[in-house]
Amino acid sequence: MAKTRSANCGPECLNRSPDSEAVVETTENRKRSRSQFPDESLIKTRSPAKWRSPRGCTGKLLCSPKSPRKRLSDQFSQRPKWNPRDPSQMQAVKEALHVATAPTNVACRKDEQKRILEFCKACIEQEKAGSLYVCGSPGTGKSLSVDKVKDLLAVRSKEVGFQSLDTLAINCTSLTNTSKIFSKILEKFHYCKKTSDGFSPLQHLQNLFSHKKQPSSGKMMLIIVDEMDYLITKDCAVLHNLFMLTTFPFSRCILIGIANAINLADRFLPKLESLNCKPVVITFHAYSKDQILKILHHRLMVLQFDVFQPLALEFCARKVAAASGDMRKALGVCRSAVEVLEAQLRDATRNQDTDIIILCSLVKLFRQCKKNATTLGDLNKAYSETCKSSQIPAVGTLEFTNMCKVLSDQGLLKLGQSREDKLKRVTLQIDSSDITFAFKGNRFFSNLPGVAMI
């Protein structure tokens with residue numbers, strides 16, 4: 001039967017795949033087996049293809065679920081690859097990965113932001129001063145989260161009629177003296193009274209918050225003190241007095257201190273508690289691998305192209321999470337990788353241009369002198385003259401010699417033997433017309449002086 005079938009096949013059978021032939025044979029064998037063993041026909045009702053491993057099947061029910069690594073690669077499968085030779089794309093990538101570039105949303109810190117926001121809202125609604133201490137390791141999103149809450153409070157005051165805030169942000173690293181922080185707070189209150197009356201700025205603030213009538217407009221003031229670690233002195237008097245400003249009867253300050261020292265609260269909370277100015281503590285823990293990976297994705301999603309392989313980002317996130325969980329280090333690693341690639345491309349372009357200049361110089365030298373060979377020293381002089389006329393910095397003698405050796409290994413030049421490199425005989429191994437044809441579309445080659453004569 002099989003022979004008759006194959007003999008009667010038309011041209012359409014030539015396009016049949018081997019799998020279809022196997023199906024025909026399987027069908028014939030199944031029919032033959034059913035006729036011989038009718039009792040076993042019910043057992044063989046399932047096609048052999050259905051017994052394949054789930055790894056190789058195409059059905060949704062039998063296929064194994066995608067692994068996290070596969071899902072990670074699928075997220076970026078629809079985006080085009082970037083062109084690192086495009087200056088605008090390179091600059092956009094470096095800006096997206098820069099630590100100073102503030103993201104639109106602070107990922108992986110919703111719970112912490114919610115607690116900070118609720119604390120500030122409670123103080124504003126009750127018109128009551130309060131203090132908050134935000135601590136955590138470096139690069140865990142503390143300052144970004146507080147800034148985001150500050151922006152949310154400003155938006156809420158406009159939309160819901162919420163009481164607006166006077167805001168003062170102080171970075172303690174910029175203070176020449178720790179006690180200068182009280183002068184900055186006093187200036188924000190538009191305190192016009194002269195401080196040359198023997199009272200310090202701290203005493204003026206204490207007096208100001210002890211009386212109901214204040215020179216301000218009655219608004220609550222949000223004071224954000226970043227890098228609070230720098231306020232730690234021998235007796236910690238500045239730190240204690242700062243938190244105590246929120247305990248005065250007519251104080252309208254919402255103090256938020258940010259510090260990298262996690263144990264700062266444990267060291268000073270007993271003293272602050274005894275002074276009745278114990279702050280609410282919110283701790284920012286180090287980022288995990290998944291959180292770092294998510295933040296990197298958020299940073300790179302502003303671009304219209306893919307920059308890193310998904311596995312490379314996952315490897316970076318895993319290493320940084322195991323070491324410190326510092327998001328700034330993860331951004332630094334990715335940015336450094338981009339800068340290394342940029343330097344490699346710059347060097348590769350420079351080496352390519354050097355190859356072109358050497359070949360052009362050699363052809364021009366042969367045409368002018370009507371010779372088929374020259375020395376490495378004369379070729380170096382011709383190369384230097386071409387670079388000078390093209391306003392291109394020439395490479396040194398050693399690098400020039402190495403470049404000629406590379407061209408010799410590639411079969412473009414032939415270098416003879418000599419004790420001194422400058423006396424080595426140089427011969428062009430290809431026709432000059434081949435050089436003109438090969439670099440015909442190269443803009444750098446067409447702009448070289450004297451190319452028209454090659």
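Counting only heavy atoms from C-beta outward, the side chains of Asp166 and Met220 never approach each other to under 4.5 Å. Contact annotation: the side chain of Cys135 never approaches that of Ile258 to less than 4.5 Å [non-hydrogen atoms, C-beta and beyond]. Residues Cys334 and Cys316 form a side-chain contact, since some pair of their non-hydrogen atoms from C-beta on lies under 4.5 Å apart. Val225 places none of its side-chain heavy atoms less than 4.5 Å from the side chain of Tyr133. With a 4.5 Å cut-off on side-chain heavy atoms, Gln89 and Leu303 do not count as touching. Here the side chains of Met221 and Thr167 are not in contact, with every heavy-atom distance at 4.5 Å or above. Between Leu293 and His297 there is a side-chain heavy-atom pair separated by less than 4.5 Å. When side chains are defined from C-beta on, Leu255 counts as touching Phe243, because their heavy atoms get closer than 4.5 Å.
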Trace of the side-chain contact (heavy atoms from CB on, under 4.5 Å) decision for Asp290 with Ile292: CA-CA 6 Å; Asp290 293 335; Ile292 293 176; over 6 Å; no
Working for side-chain contact (heavy atoms from CB on, under 4.5 Å), residues Leu300 and Phe305: CA-CA 9 Å; Leu300 297 173; Phe305 42 81; over 6 Å; no
CA sep, side-chain torsions, deciding dist, call: Val238, Phe182, side-chain contact (heavy atoms from CB on, under 4.5 Å): CA-CA 9 Å; Val238 175; Phe182 301 114; 4.0 Å; yes
Salt bridge (charged side-chain N to carboxylate O under 4.0 Å, His left out) assessment of Glu314 paired with Arg318: CA-CA 6 Å; Glu314 184 179 351; Arg318 183 182 296 110; 3.0 Å; yes
Step-by-step side-chain contact (heavy atoms from CB on, under 4.5 Å) determination, Leu132 to Ile282: CA-CA 8 Å; Leu132 181 70; Ile282 298 179; 3.8 Å; yes
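For the 3.5 Å distance criterion, the side chains of Asp86 and Ser88 qualify, holding a donor opposite an acceptor. No donor-acceptor contact under 3.5 angstrom links the side chains of Thr247 and Asn276, judged on distance only. Defined by atom type and a distance below 3.5 Å, a donor-acceptor pair is present between the side-chain atoms of Asp378 and Thr375.
Between the CD1 atom of Ile254 and the NZ atom of Lys121 there is a distance of 12.5 Å, given to the nearest 0.5 Å. In this structure, Leu165 CG and Arg156 CZ are separated by 11.5 Å, a value rounded to the nearest 0.5 Å. To the nearest 0.5 Å, atoms NZ (Lys278) and OG1 (Thr246) are separated by 13.5 Å. Between Lys329 atom NZ and Ser324 atom OG the span is 4.0 Å, to the nearest 0.5 Å. Rounding to the nearest 0.5 angstrom, the gap separating the CD atom in Gln429 from the CG atom in Leu412 is 9.0 Å. Rounding to the nearest 0.5 Å gives a distance of 10.0 Å between NE2 of His98 and CZ of Arg299.
In this structure, Phe400 and Leu376 approach most closely via the heavy-atom pair CE2-O, 3.9 Å. Here the closest non-hydrogen pair linking Gly130 and Phe119 is C-CZ, 3.8 Å. Looking at every heavy atom in both residues, Lys94 comes nearest to Glu342 through NZ-OE1, 3.2 Å. Between Ile224 and Lys150, the closest heavy-atom pair is CD1-CD, 4.1 Å. When all heavy atoms are compared, the tightest approach of Tyr287 to Cys108 is CE2-CB, 4.3 Å. Nearest approach of Phe209 to Leu245, heavy atoms of both residues: CD1-O, 3.8 Å.
For Asn105 (side chain) and Ala107 (main-chain N/O), no donor-acceptor pair under 3.5 Å exists by modelled atom type. Asn207 places no side-chain N or O within donor-acceptor distance of the main-chain N or O of Gln203, the cut-off being under 3.5 Å. Checked by atom type and distance alone, the side chain of Thr101 pairs as donor or acceptor with a backbone atom of Glu95 at under 3.5 Å. The backbone N or O of Cys172 sits nowhere less than 3.5 Å from a side-chain atom of Glu227 that would complete a donor-acceptor pair. Distance alone, capped at 3.5 Å, places no donor-acceptor pair between the Thr140 side chain and the Gly136 backbone. Side-chain atoms of Ser408 never come within 3.5 Å of backbone atoms of Cys404 as a donor-acceptor pair (strictly under, hydrogens ignored).
A salt bridge is defined here as a Lys NZ or Arg NE, NH1 or NH2 lying under 4.0 Å from an Asp or Glu carboxylate O, and Glu339 with Arg335 meets this definition. With respect to the salt-bridge test (charged N to carboxylate O, under 4.0 angstrom), the residues Lys424 and Asp421 qualify. Ionic pairing of Arg109 and Glu112 is present here: one or more N-O contacts between side-chain nitrogen and carboxylate oxygen are shorter than 4.0 angstrom.
Considering Thr283, Asp226, Asn260 in turn, Asn260 is the only one that fulfils the side-chain hydrogen bond (donor to acceptor under 3.5 Å, both in side chains) rule with Lys142. Of the candidates Ile181, Leu202, Leu205, Leu205 is the only one forming a side chain to side chain contact (heavy atoms under 4.5 Å, CB included) with Leu186.
Phe248 is linked by a ring-ring contact (aromatic ring centres under 6.0 Å, His included) to nothing, counting only residues two or more places apart in sequence or in another chain.
More than 12 heavy-atom neighbours from other residues, nucleotides or ligands sit within 6.0 angstrom of CD on Gln410. Heavy-atom neighbours of Lys180 NZ from other residues, nucleotides or ligands within 6.0 Å: at or below the threshold of 12.
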